[in-house]
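Just below is one structure, and these are the notes that go with it.
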Amino acid sequence: MSFIFAGHQVSAQVSLPGGMRMPTGGGGGSGGGGTAVLDDSTKNIYGPKTTLHYYENDILNNRDSLRYRVDTALTNFHRWSPIDQSWGKLVDLGNIATASRSIFFQPRQDIGTQLGLRAYDAYAIRDEVPYIDTKSQHTYLTFVNGGKKTSMGRFGYSQNVHSRLNFGLNFQRLTSNKQYGVYNTLSSGAFLGQNWTFMLHASFFSKDKKYLILANYRHLNQKVREQGGVILEADATTGIIDPYPYEGAARISDDANSWERRHVFHVYQQYKLANGFQLFQQGDFTSVINRFTDLSLERGIEKGVYKMVRFDSTYTRQDNYYKLLDTKLGIKGNFSGFNYRAYARPRLYGLKTAGQVPNELGSPYTSYRTGLKFDNILGTWLGYYLKDSAQYLTAEAELNLSLNVEYNLKGELNTKWGKAGVQLIQTAPDLIAQRYSGNHFNWRNNLDPQKVLTLYASLPLKTKRIDFTPEAQIHQIVDYIYYDTLALPTQFDPRFGIYRIGATTASHFKRWNFAGMAYFSGTDNSDIFKVPNIFASGEVTFDFIYAKVLYIQLGIAARYRSTYYADAYMPITQQFYRQNTSQIQGRVVTDAFANVRIKRVRLFFQMSYLNMGGGGNIFPAGYYVTPGYLGQARAFSFGIHWPLFD
């Protein structure tokens with residue numbers, strides 16, 4: 001709900017009230033059933049029009065017939081990384097597979113106590129799992145050779161065992177190399193980030209269509225060599241300090257690593273008792289292991305990355321083990337044009353942490369357990385949709401009856417004339433913010449729940465060739481929880497506001513196309529929340545066909561964030577925290593790209609940071625995305641996506 005996306009975002013998911021997500025682009029939705037097409041020889045011809053998919057939230061909200069086609073568009077095909085897919089609204093540590101955050105404030109969309117480690121969420125498979133409805137096998141292969149030795153390999157396979165049983169799997173490996181620091185480019189020591197994700201999904205419908213089950217398993221394995229930023233040093237001969245030392249040294253040792261592994265088992269079931277009345281169950285079991293190690297602390301202590309040492313000044317190890325069982329049991333259906341559901345949502349969770357390595361040698365270590373905790377949430381959801389499903393009115397309410405009282409109230413009206421919504425949410429503090437004990441930090445807090453009131457609205461203005469959507473957001477926050485300049489969790493009790501106005505656009509002039517967004521942001525308290533006042537991101541493309549078979553899209557993309565005191569990053573706790581000493585200078589960064597399609601195979605070629613030069617704001621020699629972390633230098637990338645439908 002925090003962002004209202006323009007229609008040009010082909011592969012994005014738009015968050016709606018009630019946990020619903022409506023896919024955009026990719027060929028659009030179709031209520032059709034994906035039957036095979038026959039040619040004159042009565043041979044089956046399979047392709048994007050016969051390979052459809054659907055989402056659990058459509059089933060949950062009683063829109064079972066909705067189906068979506070495979071994405072075959074050239075637009076945005078070159079945006080392969082999570083940072084680029086966000087159009088710059090996410091920032092990382094300067095390279096693929098590193099910790100990331102949103103530069104804009106995002107209120108929580110769900111209640112229930114959470115772990116609080118979100119640095120790698122952008123690289124995890126979340127809950128937007130597409131279930132395939134196809135009459136043939138569907139396989140795809142994707143390979144990207146990114147700039148500065150980044151790479152991505154992706155494989156997917158799915159097939160219907162018969163008309164009511166489907167299964168599929170997806171696999172991805174992402175890697176990136178260091179831009180700076182001491183390493184041998186020919187060895188594994190050059191690796192910066194490595195991401196492995198795996199998903200297995202299946203769906204089954206009973207013969208009478210009364211019962212269905214959707215299930216998936218999602219896995220994340222992410223390892224990052226933490227660098228702490230780059231060291232700024234004066235040249236031994238000239239005494240001049242290079243502000244963008246892409247050949248410089250890292251602030252912490254090569255023996256510093258973050259590692260996270262997630263297992264998520266998800267199942268959704270429903271049974272139709274009568275027309276307009278169904279029983280449903282929706283649940284997850286989540287297991288997370290998160291670890292930070294640095295076997296050589298000297299450099300990190302000397303350069304000020306580690307602000308204090310409690311036990312051992314030679315090495316650090318911190319382990320977090322988290323488990324969650326979250327399920328919904330309820331009723332749902334439709335009555336007189338309204339979709340409804342009501343449910344109980346019990347949650348069981350627990351956290352165990354260990355600082356340093358337990359031993360019998362007398363070396364100090366620490367550990368902490370929350371014990372088994374329980375949330376008891378009650379919820380209801382009501383929605384009214386017009387026939388095209390694009391216009392709707394929804395309302396949702398959730399209440400957590402546990403010790404940390406939480407609630408979530410949402411409402412949204414979406415019509416062809418505009419969109420308006422409101423959310424009032426109170427959320428419990430993260431487990432990590434409440435209690436932490438390790439070699440560098442030790443806190444025990446009793447923080448109050450955070451309260452956020454969000455109002456937003458947008459007004460689409462359309463002509464034959466131009467889509468222009470002004471929008472506005474207002475957040476009023478009480479008991480704001482954040483990490484201060486010492487990287488410690490703290491709370492700001494008084495109310496303050498965060499505001500954003502802007503617009504998105506998608507314009508088409510014969511072969512020329514323009515898509516972009518621009519925002520102006522402000523806050524009542526710039527000491528507590530930092531945001532760039534101006535943000536802009538856009539692209540212009542030119543489409544043409546060569547030799548009647550080669551579809552080509554040439555384009556230039558640019559993004560800009562005004563100067564501001566961006567949050568710094570603490571690798572030990574994997575939290576972004578406030579700092580007031582290092583400004584991230586406003587820079588325009590441009591990319592040139594070409595997207596190409598030959599039959600069903602798509603390719604892209606991209607030169608990122610095209611305007612890297614000798615200095616100044618137009619041709620800067622470098623830029624930072626997070627304090628101390630250089631953005632990726634100029635680099636060439638290419639990628640290919642090959643779908644197979646039989």
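Since this is a predicted model, take the numbers as computed values, not measurements. Positions are given from 1 along the sequence.
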Exercise for the section: Determine whether N61 and W381 make a side-chain contact, defined as any pair of heavy atoms from C-beta on separated by less than 4.5 Å. Expected result: yes
Practice task
Find the distance between NZ (K332) and CD (Q270) and round it off to the nearest 0.5 Å.
Solution key: 4.0 Å
Practice task
Determine the interplanar angle of the F204 and H162 rings, folded into 0 to 90°, and report it as parallel if under 30°, tilted if 30 to 60°, perpendicular if over 60°.
Solution key: perpendicular
Problem - Heavy-atom side-chain contact between T626 and D92 under 4.5 Å - result: no
Practice task
Evaluate the side-chain proximity of Q282 to H266: yes if any heavy-atom separation is below 4.5 Å, no if none is.
Solution key: yes
Problem - Beyond-backbone contact of R218 with D284, side-chain heavy atoms, under 4.5 angstrom - result: yes
Problem - Residues K272 and D64 bridged, charged N to O under 4.0 Å - result: no
Exercise for the section: Using atom types as modelled and distance alone, determine if a side-chain donor or acceptor of N334 lies under 3.5 Å from a backbone N or O of G276. Expected result: no
Practice task
From the options T286, N290, N221, D121, select the one residue that forms a side-chain hydrogen bond (donor to acceptor under 3.5 Å, both in side chains) with R262.
Solution key: D121
Practice task
Kindly say whether A633 contributes a backbone atom to a donor-acceptor pair with the side chain of Q179 at under 3.5 angstrom?
Solution key: yes
Exercise for the section: List the steps, then state whether side-chain hydrogen bond (donor to acceptor under 3.5 Å, both in side chains) holds for Y268 with N57. Expected result: CA-CA 10 Å; Y268 173 82; N57 279 304; over 6 Å; no
Exercise for the section: Could you tell me which non-hydrogen atom of F535 sits nearest to which non-hydrogen atom of K89, and how far apart they are? Expected result: CZ-CG, 3.7 Å
Practice task
Decide whether N216 and Y131 meet the rule of one side-chain donor and one side-chain acceptor closer than 3.5 Å.
Solution key: yes
Handout entry: Under 3.5 Å donor-acceptor, T505 side chain and D467 backbone
Key = yes
Fill in the blank from the handout: Interatomic distance, CD1@I556 vs CE@M607, rounded to 0.5 Å, equals 12.5 Å
Exercise for the section: Evaluate salt bridge (Lys or Arg N to Asp or Glu O under 4.0 Å) for R291 paired with D319, printing each intermediate quantity in order. Expected result: CA-CA 5 Å; R291 177 175 299 152; D319 295 303; 2.4 Å; yes
Practice task
Look only at the side chain of S608 and the backbone of A635, and say whether a donor-acceptor pair between them is shorter than 3.5 Å.
Solution key: yes
Handout entry: Test log, rule side chain to side chain contact (heavy atoms under 4.5 Å, CB included), inputs N160 and D133
Key = CA-CA 7 Å; N160 277 24; D133 179 9; 4.0 Å; yes
Handout entry: Flag if over 12 foreign heavy atoms under 6.0 Å of CZ, F509
Key = yes
Problem - Backbone N/O of G168 and side chain of S158: donor-acceptor pair under 3.5 Å - result: no
Practice task
Go through the side-chain N and O atoms of Q553 and Y551 and say whether any donor and acceptor fall under 3.5 Å apart.
Solution key: no
Handout entry: Under 3.5 Å donor-acceptor, R634 side chain and M612 backbone
Key = yes
Practice task
First locate atom CD1 of I213, then atom OH of Y271, and finally report the distance between them rounded to the nearest 0.5 Å.
Solution key: 14.5 Å
Handout entry: Centroid separation F171 to F198 less than 6.0 Å
Key = no
Practice task
Using distance alone, with no hydrogens and no angle criterion, decide if Y392 and E412 have a side-chain donor and acceptor under 3.5 Å apart.
Solution key: yes
Fill in the blank from the handout: Here the pair of heavy atoms bringing S458 nearest to E471 is CB-CB, 3.8 Å
Exercise for the section: Start with the C-alpha distance between Y569 and E226, add both sets of side-chain angles, then the distance that settles side chain to side chain contact (heavy atoms under 4.5 Å, CB included), and finish with yes or no. Expected result: CA-CA 10 Å; Y569 182 67; E226 300 289 1; 3.8 Å; yes
Problem - Ring geometry between F77 and F604 (parallel below 30°, tilted from 30 to 60°, perpendicular above 60°) - result: perpendicular
Handout entry: Gap separating the CG atom of N76 from the CG atom of N595, nearest 0.5 angstrom
Key = 8.0 Å
Exercise for the section: Just say parallel, tilted or perpendicular for the rings of F542 and F544, cut-offs at 30° and 60°. Expected result: tilted
Handout entry: Backbone N/O of T327 and side chain of Q281: donor-acceptor pair under 3.5 Å
Key = no
Problem - Side chain to side chain, Q227 and L93, heavy atoms closer than 4.5 Å - result: no
Handout entry: Under 3.5 Å: donor-acceptor pair, side chain of T142, backbone of H641
Key = no
Practice task
Dump the intermediate steps for side chain to side chain contact (heavy atoms under 4.5 Å, CB included) on Q137 and Y157, then the final yes or no.
Solution key: CA-CA 7 Å; Q137 298 178 7; Y157 175 82; 3.3 Å; yes
Exercise for the section: Cation-pi check, R79 to W87: give yes when NZ or CZ is under 6.0 Å from the six-membered ring centre and within 45° of the ring axis, no otherwise. Expected result: yes
Handout entry: Spacing of CG belonging to D84 relative to CZ belonging to F593, to within rounding of 0.5 Å
Key = 9.0 Å
Exercise for the section: Determine the minimum heavy-atom distance between F514 and E539, stating which atoms define it. Expected result: CD1-O, 3.2 Å
Exercise for the section: For residues K223 and W196, determine if any side-chain heavy atom of one lies less than 4.5 Å from a side-chain heavy atom of the other. Expected result: no
Handout entry: Closest heavy-atom pair and its distance - I132, H201
Key = CG1-CE1, 4.1 Å
Exercise for the section: Determine, step by step, whether V288 and L117 satisfy the side chain to side chain contact (heavy atoms under 4.5 Å, CB included) criterion, reporting the C-alpha distance in whole Å, the side-chain angles of both residues, the deciding distance to 0.1 Å, and the verdict. Expected result: CA-CA 10 Å; V288 177; L117 297 175; 5.6 Å; no
Practice task
Consider only side-chain N and O atoms of H263 and Y217, and report whether a donor and an acceptor are under 3.5 Å apart.
Solution key: yes
Problem - Atom of E260, atom of Q574 and distance for their closest heavy-atom approach - result: OE1-OE1, 3.8 Å
Practice task
Calculate, to the nearest 0.5 Å, the distance between atoms NZ and OH belonging to K148 and Y609 respectively.
Solution key: 11.5 Å
Handout entry: Donor + acceptor pair across side chains of Y68, D58 (<3.5 Å)
Key = yes
Problem - Heavy-atom closest pair, residues G631 and V625 - result: CA-CG1, 4.1 Å
Exercise for the section: Would you indicate whether the side-chain heavy atoms of W512 and V540 approach each other to under 4.5 Å? Expected result: yes
Handout entry: salt_bridge(R347, D326) N-O dist < 4.0 Å
Key = yes
Handout entry: Check: R154/Q172 side-chain N/O donor and acceptor closer than 3.5 Å
Key = yes
Handout entry: Side chain N145, main chain F638, donor-acceptor under 3.5 Å
Key = no
Handout entry: Whether Y55 and H53 hold their rings parallel, tilted or perpendicular, with breakpoints at 30° and 60°
Key = perpendicular
Exercise for the section: Taking the side chain as every heavy atom from C-beta outward, state whether L550 and V596 have any pair of such atoms under 4.5 Å apart. Expected result: yes
Practice task
State whether the number of non-hydrogen atoms from other residues, nucleotides or ligands found under 6.0 Å of R465 atom CZ is greater than 12.
Solution key: yes
